[in-house]
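To start, the structure under review is shown below, and the notes come after it.
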Amino acid sequence: MALIKRLSNPLARGIATYSILWPTANLVQQSLEGRRYDTFDYGQCVRYGIYGALYVAPSVYGWVKISTIMWPTMNLRTALFKAIVEQGTYGPFAGVSFLYIMSLAEGMTPGEAVQEVKLKFPQTYTVGLTFWPFIQTINFAFIPERNRVPFIAACSFLWTVFLASIKRKDLHEAEDA
């Protein structure tokens with residue numbers, strides 16, 4: 001009963017959701033590159049779970065709370081405005097954070113992590129601009145605040161598969177893209 005009560009909190013639901021969806025999306029990405037159960041990189045999967053639960057969920061929760069305070073109205077016009085603002089603020093923050101922190105978690109030096117961000121962020125952000133405004137407009141216009149973090153977590157499953165594939169690209173492949 002105590003667990004159910006804790007999961008009624010949007011942040012707790014987001015943490016629980018991201019701790020499952022992010023490593024699962026990573027396993028899907030690994031499957032798409034031809035890996036199977038006996039060759040999965042489970043360390044990578046754990047890193048995705050930790051990052052999703054302890055970094056992404058709280059930052060998404062914070063953004064949702066701040067944006068709801070700044071623009072409390074729930075209508076299509078406000079939702080579209082919030083989605084645009086998000087793509088100019090939270091989107092770049094999230095993309096750079098993911099590439100940099102996950103690179104460090106993989107054992108790269110800070111300089112190597114910066115290089116990875118420089119090479120991979122432009123493509124990541126460009127694709128995000130075609131995906132997230134649509135999702136966030138729906139989120140801000142039609143989803144009650146208490147369900148916004150879990151809704152975004154569910155939508156981020158496909159996004160996380162994409163991020164994992166970008167992250168797995170060799171730096172030289174990213175230079176050519």
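- Residues S156 and W22 are in side-chain contact: their nearest non-hydrogen atoms beyond the backbone lie under 4.5 Å apart.
- T39 contributes no side-chain N or O that, together with a main-chain N or O of R35, makes up a donor-acceptor pair within less than 3.5 Å.
- Both F134 and F131 belong to a single network of hydrophobic side chains, linked directly or stepwise wherever heavy atoms of I, L, V, M, F, W or Y lie under 4.5 Å apart.
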message: Apply side chain to side chain contact (heavy atoms under 4.5 Å, CB included) to residues Q136 and V64 and explain how you reach the verdict.
response: CA-CA 10 Å; Q136 288 295 48; V64 167; 5.8 Å; no
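- Shown here for A53 and S19, the closest heavy-atom pair between the two residues is CB-CB, 3.7 Å.
- Remark: K65 engages E145 in a side chain to side chain donor-acceptor pair (under 3.5 Å) (not counting sequence neighbours).
- Counting heavy atoms from C-beta outward, I84 and Q87 have side chains that stay 4.5 Å or more apart.
- Checking T160 against Y48 by side-chain atom types alone, no donor-acceptor pair falls below 3.5 Å.
- By the side chain to side chain donor-acceptor pair (under 3.5 Å) test, S165 pairs with no residue at all, sequence neighbours left out.
- Using a 4.5 Å cut-off on side-chain heavy atoms (C-beta onward), S97 and Y51 make contact.
- Contact record, P133 with G128: CD-O, 3.5 Å, taken as the closest heavy-atom pair.
- Between L11 and N9 the shortest heavy-atom distance is N-OD1, 2.7 Å.
- For the side chain to side chain donor-acceptor pair (under 3.5 Å) test, residues two or more places apart in sequence or in another chain that qualify with N147 are R13.
- Residues F142 and T137 fail the side-chain proximity criterion, which asks for heavy atoms closer than 4.5 Å.
- Qualifying side chain to side chain contact (heavy atoms under 4.5 Å, CB included) partners for L32, counting only residues two or more places apart in sequence or in other chains: V28, V161.
- There is a path of hydrophobic side-chain contacts, each under 4.5 Å, that joins V114 to M102.
- Crowding of R77 atom CZ: a count of heavy atoms from other residues, nucleotides or ligands under 6.0 Å not exceeding 12.
- Taking a 4.5 Å side-chain heavy-atom cut-off between Ile, Leu, Val, Met, Phe, Trp and Tyr, the cluster of I50 extends to V46, L54.
- Residues satisfying the side chain to side chain donor-acceptor pair (under 3.5 Å) test with W132, not counting sequence neighbours, are none.
- Contact of the T130 side chain with the T126 side chain is not registered, since no non-hydrogen atoms from C-beta on lie closer than 4.5 Å.
- Here the straight-line distance linking atom CD1 of I166 with atom CZ of F121 works out to 12.0 Å at 0.5 Å rounding.
- No continuous path of ILVMFWY side-chain contacts below 4.5 Å connects Y61 to F157, so the two sit in separate hydrophobic clusters.
- Taking the ring-ring contact (aromatic ring centres under 6.0 Å, His included) definition, one finds that F151 meets it with nothing, sequence neighbours left out.
- Using a 3.5 Å distance cut-off with no hydrogens or angles, the side chains of N26 and Q44 do pair a donor with an acceptor.
- Following chains of ILVMFWY side-chain contacts shorter than 4.5 Å, one cannot reach L80 starting from I138, and the two form parts of different hydrophobic clusters.
- Under the rule for a side chain to side chain contact (heavy atoms under 4.5 Å, CB included), the partners of A94 that lie at least two apart in sequence or sit in another chain are Y90.
- Contact annotation: the side chain of K169 approaches that of Q123 to within less than 4.5 Å [non-hydrogen atoms, C-beta and beyond].
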message: Checking F93 against T89 for the side chain to side chain contact (heavy atoms under 4.5 Å, CB included) test, could you report, in this order, the C-alpha distance in whole Å, the side-chain angles of both residues, the deciding distance, and whether it holds?
response: CA-CA 7 Å; F93 165 79; T89 58; over 6 Å; no
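- Residue I20 shares its hydrophobic cluster (ILVMFWY side chains chained together at separations under 4.5 Å) with no other residue.
- A donor-acceptor contact shorter than 3.5 Å is absent between the side chain of K82 and the backbone of F140.
- Side-chain heavy-atom separations under 4.5 angstrom define the hydrophobic clusters, and the remaining members of the one that includes Y42 are L27, Y37, F40.
- No side-chain donor-acceptor contact under 3.5 Å links E33 to the backbone of Q30.
- Judged by distance alone, the side chains of K167 and S103 do bring a donor and an acceptor atom under 3.5 Å apart.
- Looking at heavy atoms from C-beta onward, S67 lies out of side-chain contact with E86 at the 4.5 angstrom threshold.
- Going from atom CD of E106 over to atom CG of D41 covers 8.5 Å, rounded to the nearest 0.5 Å.
- The side chain to side chain contact (heavy atoms under 4.5 Å, CB included) search around P122 returns none, not counting sequence neighbours.
- The side chain to side chain contact (heavy atoms under 4.5 Å, CB included) test applied to L158 returns no partner, not counting sequence neighbours.
- If you chain together hydrophobic residues whose side chains sit under 4.5 Å apart, V60 and M70 fall into the same group.
- Nearest heavy atom pair, residue V117 against residue Y100, reads CG2-N, 3.7 Å.
- Put simply, the side chain of W159 reaches to within 4.5 Å of the side chain of L163, judged on heavy atoms.
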